[in-house]
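A short worksheet on the structure shown next.
The structure displayed is predicted, hence computed values, not measured ones. One-based numbering, in listed order, for ligands and for the atoms of each.
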Amino acid sequence: MADIIDGKKISARVKEKIKAEVSALKDKNIEAGLAVVIVGDNPASRVYVNAKKKACAEVGINSYEYALPEDTTQQELLDLVNILNSDDKVDGILVQMPLPKHINENDIINSIIPNKDVDAFHPVNVGKIMIGDYSFLPCTPAGVMELIKSTGISIKGKDCVVIGRSNIVGKPMSMLLLHESGTVTICHSKTKDLKEKCKSADILVAAVGVANLITADMVKEGAVVIDVGMNRLADGKLCGDVDFENVSKVAGYITPVPGGVGPMTIAMLLENTLTSAKIKNIIK
Ligand code: NAP
């Protein structure tokens with residue numbers, strides 16, 4: 001039976017450390033601030049934004065919410081980002097995705113100055129991740145790395161399989177595993193023999209968005225299985241991409257959904273905001 005990697009517990013430890021650092025900054029009269037921008041009334045986005053604001057409050061980071069109506073124009077949003085780019089109390093800018101269809105998400109991402117881009121989606125930060133010289137890591141892959149490290153298993157030389165190649169999860173995830181000297185295979189919807197590829201993995205990261213795609217017969221005995229997926233079932237329950245009940249009988253370590261990657265993603269956002277505040281104030 002697999003050991004369960006408790007993302008809630010691990011993220012609580014990370015948040016305690018951040019809280020102590022934020023408090024030390026306050027002793028030097030430095031406050032860290034995160035601007036959270038939400039456009040429209042997507043209920044899932046509202047839940048995420050509230051969770052991020054709550055997490056900021058827990059560790060003492062100031063959060064500033066900018067809730068804009070659904071019919072906000074792209075130019076109005078760009079204007080707000082511009083203001084936040086030069087607002088000294090703001091160390092991080094997070095524009096909650098998805099945006100309404102009439103707004104080009106890439107244009108908005110590209111308008112955030114890279115040193116406040118705490119999601120690490122800006123091409124400058126993406127490029128820095130590629131060459132392994134970065135200030136911020138994208139929150140979800142960074143959280144996954146912490147969860148893998150918590151098992152005590154070294155990534156070096158391991159066969160790692162990442163399912164999913166999105167810009168926000170799959171691609172940066174693969175790069176981080178590669179930086180740690182994993183041998184990385186990236187799978188996607190056109191991959192042949194997904195089962196065989198997954199079965200070769202010592203470390204398997206599923207970031208797909210298909211409930212129960214990863215079944216027990218696709219997993220190597222003793223593997224570390226990280227489930228990034230967040231899928232809402234017809235009965236309203238949240239589940240991952242991994243058939244948790246059966247895969248946990250084969251894997252060595254496994255993350256649950258909820259309570260695995262999700263809480264770590266938020267903890268990493270706080271860490272990036274703190275890092276930005278420290279860089280601005282030239283504190284190591
Ligand atoms: P995405 O942009 O939709 O990417 C999904 C990826 O999965 C794509 O690369 C797609 O391949 C691949 N895929 C789809 N069906 C597949 C299949 N049957 N076999 C193999 N690969 C398949 O999604 P995302 O933004 O990366 O998010 C992935 C999941 O993680 C979602 O459930 C999302 O809600 C969740 N998520 C969770 C957190 C968290 O904090 N826990 C954060 C971010 C995302 P193609 O490229 O070929 O289309």
Inset, instruction - Report yes or no: does a heavy atom of Gly229 sit under 4.0 Å from some atom of ligand 1? - result: yes
Inset, instruction - Decide whether the shortest distance between a heavy atom of Thr191 and an atom of ligand 1 is less than 4.0 Å. - result: no
Legend entry - Numbered atoms and elements of ligand 1 in range of Thr140, under 4.0 angstrom, heavy atoms: 40 (O), 42 (C), 43 (C)
Legend entry - Side-chain donor/acceptor of Asp159 to backbone N/O of Asp202, under 3.5 Å: no
Legend entry - Lys17 side chain to Arg13 backbone, donor-acceptor under 3.5 Å: no
Inset, instruction - Could you find the nearest protein heavy atom to atom 31 (C) of ligand 1 and give me its residue, atom name and distance? - result: Gly209 CA, 3.8 Å
Legend entry - Gly262 heavy atom under 4.0 Å from ligand 1: yes
Legend entry - Protein contact to atom 2 (O) of ligand 1 [nearest heavy atom, distance to 0.1 Å]: Ser166 CB, 3.3 Å
Inset, instruction - Below 4.0 angstrom from a heavy atom of Gly164, which ligand 1 atoms are there? Numbered from 1 as shown, please. - result: 6 (C), 7 (O), 9 (O)
Inset, instruction - Do me a favour and list the nearest non-hydrogen protein atom to atom 25 (O) of ligand 1 with residue, atom name and distance? - result: Ile168 CD1, 3.6 Å
Legend entry - Side-chain heavy atoms of Tyr66 within contact of Ile38, under 4.5 Å: no
Inset, instruction - Kindly say whether Ile113 contributes a backbone atom to a donor-acceptor pair with the side chain of Asn85 at under 3.5 angstrom? - result: yes
Legend entry - Identity and separation of the nearest protein heavy atom to atom 20 (C) of ligand 1: His188 O, 3.3 Å
Inset, instruction - Could you list which atoms of ligand 1 come closer than 4.0 Å to a heavy atom of Ile163? - result: 20 (C), 21 (N)
Legend entry - Short side-chain donor-acceptor distance under 3.5 Å, Arg46 and Asn42: no
Legend entry - Protein contact to atom 32 (O) of ligand 1 [nearest heavy atom, distance to 0.1 Å]: Met230 N, 3.0 Å
Inset, instruction - Write out the residue and atom name of the closest protein heavy atom to atom 36 (N) of ligand 1, then the distance separating them to 0.1 Å. - result: Val228 O, 3.7 Å
Legend entry - Proximal ligand 1 atoms for Thr265, defined as those under 4.0 Å from one of its heavy atoms: 39 (C), 40 (O)
Inset, instruction - Mark up the atoms of ligand 1 that fall under 4.0 Å of a heavy atom belonging to Val169, in ascending order. - result: 26 (O), 43 (C), 44 (C)
Legend entry - Side-chain H-bond candidate by donor/acceptor type, Asn212 with Asp241, under 3.5 Å: no
Inset, instruction - Among all protein heavy atoms, pick the one closest to atom 16 (C) of ligand 1 and tell me residue, atom and distance. - result: Val208 CG1, 3.5 Å
Inset, instruction - Ignoring hydrogens and angles, tell me if any N or O in the side chain of Lys197 forms a donor-acceptor pair with the backbone of Lys192 under 3.5 Å. - result: yes
Inset, instruction - Provide, to 0.1 Å, the distance between atom 9 (O) of ligand 1 and the closest protein heavy atom, together with that atom's residue and name. - result: Arg165 N, 2.8 Å
Legend entry - Donor-acceptor pair between Asp107 and Asn110 side chains, under 3.5 angstrom: no
